[in-house]
Amino acid sequence: MKCHDALHVIMASIHNEIVVSCVGYTSRELFQVWDRDRNFYLLGAMGLTVPVGFGLAMACDQKVIALEGDGSLLMNLGAIATVSRYKPKNLMIIVLDNKSYSSTGGQASASAFVELRKVLQSFDIETYFVDQESKLKKIIINSLKADGPHILVVQIEKGYREVPRVPLAPKQIARRFIKSVQNKEG
Amino acid sequence: MSLKWVYTALREEGIDSFIWVPGSKLKELIDEIEQHDVCSIGATREEEAIGIAAGMHLAGRKPIVLIQSSGLASSLNAICELLVAYQIPVPFIISVRGMQNEANFVHTIFGQRLEAILQDLQIPYWYLVDEKDLSKALHSCYLTKKPVIVLIR
(Lines give C-alpha, C1' and ligand atoms only; values in the text may rest on other atoms or scores of the structure.)
Protein backbone atom coordinates (compact mmCIF):
# COMPACT_ATOMS: atom_id res chain seq x y z
CA MET A 1 0.00 0.00 0.00
CA LYS A 2 1.32 3.41 -0.93
CA CYS A 3 1.32 6.31 1.52
CA HIS A 4 -1.31 8.33 -0.34
CA ASP A 5 -3.58 5.28 -0.68
CA ALA A 6 -3.35 4.66 3.06
CA LEU A 7 -4.08 8.33 3.77
CA HIS A 8 -7.08 8.25 1.48
CA VAL A 9 -8.56 5.20 3.22
CA ILE A 10 -7.88 6.70 6.66
CA MET A 11 -9.52 10.02 5.81
CA ALA A 12 -12.48 8.29 4.16
CA SER A 13 -12.98 6.19 7.31
CA ILE A 14 -13.27 9.10 9.73
CA HIS A 15 -15.74 11.94 10.16
CA ASN A 16 -15.17 14.81 12.51
CA GLU A 17 -11.97 13.59 14.15
CA ILE A 18 -9.06 15.94 14.71
CA VAL A 19 -5.96 14.95 12.71
CA VAL A 20 -2.33 15.87 13.42
CA SER A 21 0.13 14.89 10.70
CA CYS A 22 3.86 14.21 10.80
CA VAL A 23 6.41 16.60 9.29
CA GLY A 24 7.63 15.97 5.74
CA TYR A 25 5.89 14.10 2.99
CA THR A 26 3.15 12.81 5.31
CA SER A 27 1.80 16.35 5.77
CA ARG A 28 2.36 17.16 2.10
CA GLU A 29 0.51 14.04 0.95
CA LEU A 30 -2.31 14.59 3.43
CA PHE A 31 -2.85 18.12 2.14
CA GLN A 32 -3.13 16.75 -1.43
CA VAL A 33 -5.29 13.78 -0.50
CA TRP A 34 -7.77 15.37 1.92
CA ASP A 35 -7.23 18.91 3.15
CA ARG A 36 -9.60 20.15 5.85
CA ASP A 37 -9.53 22.76 8.61
CA ARG A 38 -9.25 20.06 11.30
CA ASN A 39 -5.91 18.84 9.92
CA PHE A 40 -2.95 20.18 11.87
CA TYR A 41 0.04 19.87 9.54
CA LEU A 42 3.41 19.77 11.23
CA LEU A 43 5.90 21.48 8.92
CA GLY A 44 8.81 21.07 11.32
CA ALA A 45 9.47 19.99 14.90
CA MET A 46 10.05 16.36 13.96
CA GLY A 47 9.09 13.92 16.70
CA LEU A 48 6.21 15.97 18.08
CA THR A 49 3.22 14.47 16.23
CA VAL A 50 2.28 12.21 19.14
CA PRO A 51 2.85 14.86 21.85
CA VAL A 52 0.69 17.41 19.99
CA GLY A 53 -2.02 14.79 19.41
CA PHE A 54 -1.81 13.69 23.05
CA GLY A 55 -2.09 17.30 24.26
CA LEU A 56 -5.18 17.81 22.12
CA ALA A 57 -6.73 14.59 23.38
CA MET A 58 -6.05 15.51 27.02
CA ALA A 59 -7.58 18.94 26.52
CA CYS A 60 -10.87 18.12 24.77
CA ASP A 61 -13.50 15.43 24.34
CA GLN A 62 -13.14 15.15 20.59
CA LYS A 63 -11.42 12.16 19.01
CA VAL A 64 -7.87 12.81 17.90
CA ILE A 65 -5.81 10.93 15.32
CA ALA A 66 -2.03 11.37 15.28
CA LEU A 67 -0.71 10.41 11.84
CA GLU A 68 2.87 9.55 12.67
CA GLY A 69 5.84 8.23 10.71
CA ASP A 70 8.21 5.54 11.94
CA GLY A 71 11.22 7.89 11.98
CA SER A 72 9.39 10.63 13.87
CA LEU A 73 7.95 8.11 16.33
CA LEU A 74 11.39 6.70 17.08
CA MET A 75 12.75 10.20 17.62
CA ASN A 76 10.47 10.59 20.62
CA LEU A 77 9.48 7.11 21.68
CA GLY A 78 9.15 8.33 25.27
CA ALA A 79 5.95 10.09 24.17
CA ILE A 80 4.31 6.66 23.90
CA ALA A 81 5.21 6.00 27.54
CA THR A 82 3.43 9.25 28.44
CA VAL A 83 0.37 8.18 26.42
CA SER A 84 0.41 4.89 28.32
CA ARG A 85 0.77 6.70 31.65
CA TYR A 86 -2.28 8.93 31.14
CA LYS A 87 -4.22 6.80 28.62
CA PRO A 88 -6.51 9.33 26.94
CA LYS A 89 -9.53 7.41 25.65
CA ASN A 90 -9.94 9.68 22.65
CA LEU A 91 -6.49 9.24 21.10
CA MET A 92 -5.60 7.01 18.18
CA ILE A 93 -2.04 6.90 16.89
CA ILE A 94 -1.61 5.68 13.33
CA VAL A 95 2.00 4.91 12.44
CA LEU A 96 2.64 4.94 8.71
CA ASP A 97 5.61 2.61 8.73
CA ASN A 98 7.79 2.55 5.62
CA LYS A 99 10.89 1.68 7.67
CA SER A 100 12.72 4.67 6.24
CA TYR A 101 13.20 8.43 6.24
CA SER A 102 11.46 9.09 2.94
CA SER A 103 11.47 12.88 3.16
CA THR A 104 15.25 13.00 3.40
CA GLY A 105 16.14 10.48 0.70
CA GLY A 106 14.98 7.09 1.90
CA GLN A 107 17.64 6.19 4.46
CA ALA A 108 16.66 3.15 6.52
CA SER A 109 15.17 3.89 9.93
CA ALA A 110 15.65 1.64 12.96
CA SER A 111 12.17 0.33 12.20
CA ALA A 112 13.83 -1.77 9.49
CA PHE A 113 15.69 -3.61 12.28
CA VAL A 114 13.23 -3.78 15.17
CA GLU A 115 9.61 -4.82 15.03
CA LEU A 116 7.72 -1.65 15.90
CA ARG A 117 4.53 -3.56 16.63
CA LYS A 118 6.23 -5.56 19.39
CA VAL A 119 7.92 -2.48 20.82
CA LEU A 120 4.62 -0.59 20.93
CA GLN A 121 2.69 -3.50 22.42
CA SER A 122 5.11 -3.51 25.34
CA PHE A 123 3.82 -0.06 26.34
CA ASP A 124 0.51 -1.58 27.39
CA ILE A 125 -1.51 0.16 24.71
CA GLU A 126 -3.90 -1.70 22.41
CA THR A 127 -1.86 -2.07 19.20
CA TYR A 128 -2.97 -3.34 15.82
CA PHE A 129 -1.06 -4.05 12.64
CA VAL A 130 -2.30 -3.93 9.08
CA ASP A 131 -0.57 -4.34 5.75
CA GLN A 132 -3.58 -4.73 3.48
CA GLU A 133 -5.50 -1.76 2.21
CA SER A 134 -8.74 -3.77 2.17
CA LYS A 135 -8.58 -4.27 5.97
CA LEU A 136 -7.53 -0.77 6.95
CA LYS A 137 -10.95 0.89 6.91
CA LYS A 138 -12.60 -1.73 9.10
CA ILE A 139 -9.83 -1.61 11.70
CA ILE A 140 -10.05 2.18 11.93
CA ILE A 141 -13.85 2.23 12.21
CA ASN A 142 -13.84 -0.49 14.88
CA SER A 143 -11.04 1.16 16.87
CA LEU A 144 -12.80 4.50 16.87
CA LYS A 145 -15.93 2.87 18.32
CA ALA A 146 -14.01 1.57 21.33
CA ASP A 147 -12.20 3.50 24.05
CA GLY A 148 -8.56 4.24 23.32
CA PRO A 149 -5.78 4.90 23.33
CA HIS A 150 -5.09 2.75 20.30
CA ILE A 151 -2.07 2.39 18.07
CA LEU A 152 -2.38 1.16 14.51
CA VAL A 153 0.80 0.32 12.63
CA VAL A 154 0.18 0.51 8.90
CA GLN A 155 2.81 -1.07 6.70
CA ILE A 156 3.30 1.15 3.66
CA GLU A 157 5.68 1.13 0.71
CA LYS A 158 8.84 3.20 0.70
CA GLY A 159 8.87 6.45 -1.21
CA TYR A 160 6.36 9.19 -1.89
CA ARG A 161 4.93 10.94 -4.90
CA GLU A 162 6.46 14.25 -5.81
CA VAL A 163 3.93 16.45 -4.11
CA PRO A 164 4.34 20.18 -3.42
CA ARG A 165 4.84 21.68 0.02
CA VAL A 166 1.78 22.52 2.08
CA PRO A 167 0.88 25.96 0.69
CA LEU A 168 -0.26 27.36 4.04
CA ALA A 169 1.71 29.46 6.50
CA PRO A 170 2.02 27.81 9.93
CA LYS A 171 -0.02 30.54 11.60
CA GLN A 172 -2.74 30.05 8.99
CA ILE A 173 -2.79 26.31 9.74
CA ALA A 174 -3.12 27.07 13.46
CA ARG A 175 -5.76 29.76 13.01
CA ARG A 176 -8.17 27.73 10.89
CA PHE A 177 -7.56 24.65 13.06
CA ILE A 178 -8.42 26.54 16.26
CA LYS A 179 -11.48 28.03 14.62
CA SER A 180 -12.72 24.58 13.63
CA VAL A 181 -11.81 22.73 16.84
CA GLN A 182 -12.86 25.44 19.31
CA ASN A 183 -15.52 26.96 17.12
CA LYS A 184 -13.99 30.41 17.50
CA GLU A 185 -11.40 32.76 16.02
CA GLY A 186 -7.81 31.82 16.93
CA MET B 1 12.93 30.07 48.23
CA SER B 2 9.70 28.11 48.41
CA LEU B 3 7.79 28.27 45.17
CA LYS B 4 4.51 26.86 46.43
CA TRP B 5 2.85 30.28 46.05
CA VAL B 6 3.55 30.16 42.32
CA TYR B 7 0.89 27.47 41.87
CA THR B 8 -1.87 29.66 43.34
CA ALA B 9 -0.66 32.71 41.43
CA LEU B 10 -0.71 30.81 38.14
CA ARG B 11 -4.19 29.43 38.81
CA GLU B 12 -5.40 32.96 39.53
CA GLU B 13 -3.95 34.01 36.17
CA GLY B 14 -6.06 31.34 34.47
CA ILE B 15 -3.44 28.62 33.93
CA ASP B 16 -5.33 25.32 33.93
CA SER B 17 -2.74 22.71 32.88
CA PHE B 18 0.82 22.07 34.07
CA ILE B 19 3.24 20.13 31.87
CA TRP B 20 6.56 19.38 33.49
CA VAL B 21 9.86 17.58 33.41
CA PRO B 22 11.28 17.67 36.92
CA GLY B 23 14.17 19.79 38.12
CA SER B 24 15.56 19.95 41.65
CA LYS B 25 14.60 23.62 42.07
CA LEU B 26 11.08 22.87 40.82
CA LYS B 27 10.45 20.05 43.26
CA GLU B 28 8.23 21.96 45.70
CA LEU B 29 6.20 23.57 42.94
CA ILE B 30 5.62 20.27 41.12
CA ASP B 31 4.72 18.58 44.43
CA GLU B 32 2.22 21.38 45.07
CA ILE B 33 0.68 21.02 41.59
CA GLU B 34 0.38 17.25 41.97
CA GLN B 35 -1.52 17.68 45.24
CA HIS B 36 -4.30 19.62 43.57
CA ASP B 37 -7.11 18.43 41.38
CA VAL B 38 -5.73 20.08 38.26
CA CYS B 39 -4.38 18.80 34.96
CA SER B 40 -0.75 17.88 35.67
CA ILE B 41 1.27 15.94 33.11
CA GLY B 42 4.81 14.64 33.52
CA ALA B 43 6.56 14.37 30.15
CA THR B 44 9.61 12.23 29.40
CA ARG B 45 11.57 15.10 27.86
CA GLU B 46 11.19 18.82 27.36
CA GLU B 47 10.43 18.83 23.62
CA GLU B 48 7.60 16.46 24.33
CA ALA B 49 6.29 18.79 27.05
CA ILE B 50 6.25 21.62 24.51
CA GLY B 51 4.35 19.50 21.98
CA ILE B 52 1.78 18.54 24.63
CA ALA B 53 1.32 22.16 25.72
CA ALA B 54 0.93 23.26 22.09
CA GLY B 55 -1.79 20.64 21.55
CA MET B 56 -3.59 21.74 24.70
CA HIS B 57 -3.52 25.38 23.65
CA LEU B 58 -4.93 24.47 20.22
CA ALA B 59 -7.88 22.82 22.00
CA GLY B 60 -8.54 25.94 24.10
CA ARG B 61 -6.68 25.26 27.35
CA LYS B 62 -4.12 27.48 29.07
CA PRO B 63 -1.11 25.27 29.76
CA ILE B 64 2.29 26.18 31.18
CA VAL B 65 5.55 24.24 30.79
CA LEU B 66 7.89 23.76 33.77
CA ILE B 67 11.42 22.58 33.01
CA GLN B 68 15.03 23.31 33.88
CA SER B 69 17.36 25.22 31.61
CA SER B 70 19.22 22.17 30.24
CA GLY B 71 15.86 21.11 28.83
CA LEU B 72 15.46 24.50 27.21
CA ALA B 73 18.80 23.92 25.48
CA SER B 74 17.56 20.65 24.02
CA SER B 75 14.19 22.15 22.97
CA LEU B 76 15.09 25.25 21.01
CA ASN B 77 13.96 23.61 17.77
CA ALA B 78 10.50 22.84 19.14
CA ILE B 79 10.18 26.38 20.47
CA CYS B 80 11.10 27.86 17.08
CA GLU B 81 9.44 25.44 14.66
CA LEU B 82 6.26 24.85 16.64
CA LEU B 83 5.52 27.66 19.11
CA VAL B 84 7.03 30.67 17.31
CA ALA B 85 6.25 29.52 13.77
CA TYR B 86 2.59 28.67 14.48
CA GLN B 87 2.12 31.58 16.92
CA ILE B 88 1.16 29.26 19.76
CA PRO B 89 1.48 31.20 23.01
CA VAL B 90 2.89 28.84 25.64
CA PRO B 91 4.51 30.28 28.78
CA PHE B 92 7.40 28.56 30.55
CA ILE B 93 8.78 28.49 34.05
CA ILE B 94 12.42 27.51 33.82
CA SER B 95 14.79 26.90 36.70
CA VAL B 96 18.22 28.10 35.71
CA ARG B 97 21.26 25.91 36.12
CA GLY B 98 24.80 27.00 35.52
CA MET B 99 24.73 30.69 36.42
CA GLN B 100 25.89 31.30 39.98
CA ASN B 101 27.05 28.87 42.63
CA GLU B 102 26.65 25.96 40.25
CA ALA B 103 28.00 22.76 41.73
CA ASN B 104 27.98 20.95 38.39
CA PHE B 105 30.31 22.45 35.79
CA VAL B 106 28.51 20.91 32.81
CA HIS B 107 25.51 23.21 33.30
CA THR B 108 27.59 26.39 33.10
CA ILE B 109 28.31 26.21 29.37
CA PHE B 110 24.70 26.78 28.27
CA GLY B 111 23.61 28.48 31.49
CA GLN B 112 25.99 31.39 31.06
CA ARG B 113 24.78 32.00 27.49
CA LEU B 114 21.12 31.44 28.20
CA GLU B 115 20.11 35.11 28.27
CA ALA B 116 22.08 35.95 25.12
CA ILE B 117 20.41 33.07 23.26
CA LEU B 118 16.92 34.12 24.36
CA GLN B 119 17.65 37.71 23.35
CA ASP B 120 18.90 36.51 19.96
CA LEU B 121 15.72 34.49 19.42
CA GLN B 122 13.64 37.47 20.61
CA ILE B 123 11.95 35.38 23.26
CA PRO B 124 10.97 37.61 26.18
CA TYR B 125 12.04 36.51 29.67
CA TRP B 126 11.65 37.70 33.24
CA TYR B 127 13.32 36.67 36.47
CA LEU B 128 10.74 35.64 39.01
CA VAL B 129 10.55 37.91 42.04
CA ASP B 130 6.83 38.18 42.77
CA GLU B 131 3.36 37.69 41.25
CA LYS B 132 3.73 40.77 39.09
CA ASP B 133 6.42 39.02 37.03
CA LEU B 134 4.08 36.11 36.33
CA SER B 135 1.28 38.46 35.46
CA LYS B 136 3.44 40.52 33.09
CA ALA B 137 4.86 37.43 31.41
CA LEU B 138 1.47 35.79 30.84
CA HIS B 139 -0.07 39.01 29.60
CA SER B 140 2.75 39.43 27.08
CA CYS B 141 2.48 35.77 26.02
CA TYR B 142 -1.19 35.92 25.04
CA LEU B 143 -1.01 39.45 23.64
CA THR B 144 1.94 38.76 21.34
CA LYS B 145 1.10 35.07 20.70
CA LYS B 146 4.71 34.18 21.44
CA PRO B 147 6.29 31.92 24.04
CA VAL B 148 7.60 33.74 27.11
CA ILE B 149 9.92 32.50 29.82
CA VAL B 150 9.91 33.12 33.55
CA LEU B 151 13.32 32.23 34.96
CA ILE B 152 13.94 30.98 38.46
CA ARG B 153 17.45 31.48 39.83
Margin query: Given heavy-atom pairs under 4.5 angstrom as the criterion, report whether the side chain, backbone, both or neither of B:S40 touches chain A.
Written below: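 Backbone of B:S40 only, per the 4.5 Å heavy-atom cut-off to chain A.
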
Q) Can you say whether A:I18 sits under 4.5 Å from chain B via the side chain, the backbone, both, or neither, judging by heavy atoms? A)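 A:I18 has no heavy atom closer than 4.5 Å to chain B.
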
For this session: Walk me through it: do B:L58 and A:L56 pass the test side-chain contact (heavy atoms from CB on, under 4.5 Å)?
Result: CA-CA 7 Å; B:L58 291 169; A:L56 281 157; 3.9 Å; yes

Is it the case that more than 12 heavy atoms not belonging to [X] sit under 6.0 Å from its [atom1] atom?
X      : atom1 : answer
A:D61  : CG    : no
B:H36  : NE2   : yes
A:R36  : CZ    : yes
A:Q107 : CD    : yes
A:K87  : NZ    : yes
A:H8   : NE2   : no

Most contacts with chain A, counted as non-hydrogen pairs under 4.5 angstrom, among B:I88, B:I52, B:T44 =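 Of the candidates given, the most pairs with chain A belong to B:I52.
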
Ranked by heavy-atom pairs below 4.5 Å to chain A, first place among B:R45, B:R61, B:H57, B:E47 goes to B:R61

Review point. Sub-3.5 Å donor-acceptor pair from the side chain of B:E81 to the main-chain atoms of A:L43, do we have one?
Key: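 Side chain of B:E81 to backbone of A:L43: no pair is present.
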
Cluster question for you: counting only ILVMFWY and a side-chain heavy-atom cut-off of under 4.5 Å, with indirect links fine, are B:Y7 and B:L10 together?
->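 Yes, B:Y7 connects to B:L10 through the hydrophobic network.
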
Check: Hey, any chance A:I141 and A:I14 share a hydrophobic cluster, counting ILVMFWY side chains that come within less than 4.5 Å of each other, even indirectly?
Finding: no

Can you name the nearest heavy-atom pair linking [X] to [Y], along with the distance?
X      : Y     : value
B:Y86  : A:Y41 : OH-O, 2.5 Å
A:A45  : B:L82 : CB-CB, 4.2 Å
A:P170 : B:A85 : CB-O, 3.3 Å

Highest number of heavy-atom pairs under 4.5 Å with chain B among A:L48, A:V50, A:I173 belongs to A:L48

query = Hey, are the side chains of A:R85 and B:I41 touching, using non-hydrogen atoms and a 4.5 Å cut-off?
reply =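 They are not in side-chain contact.
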
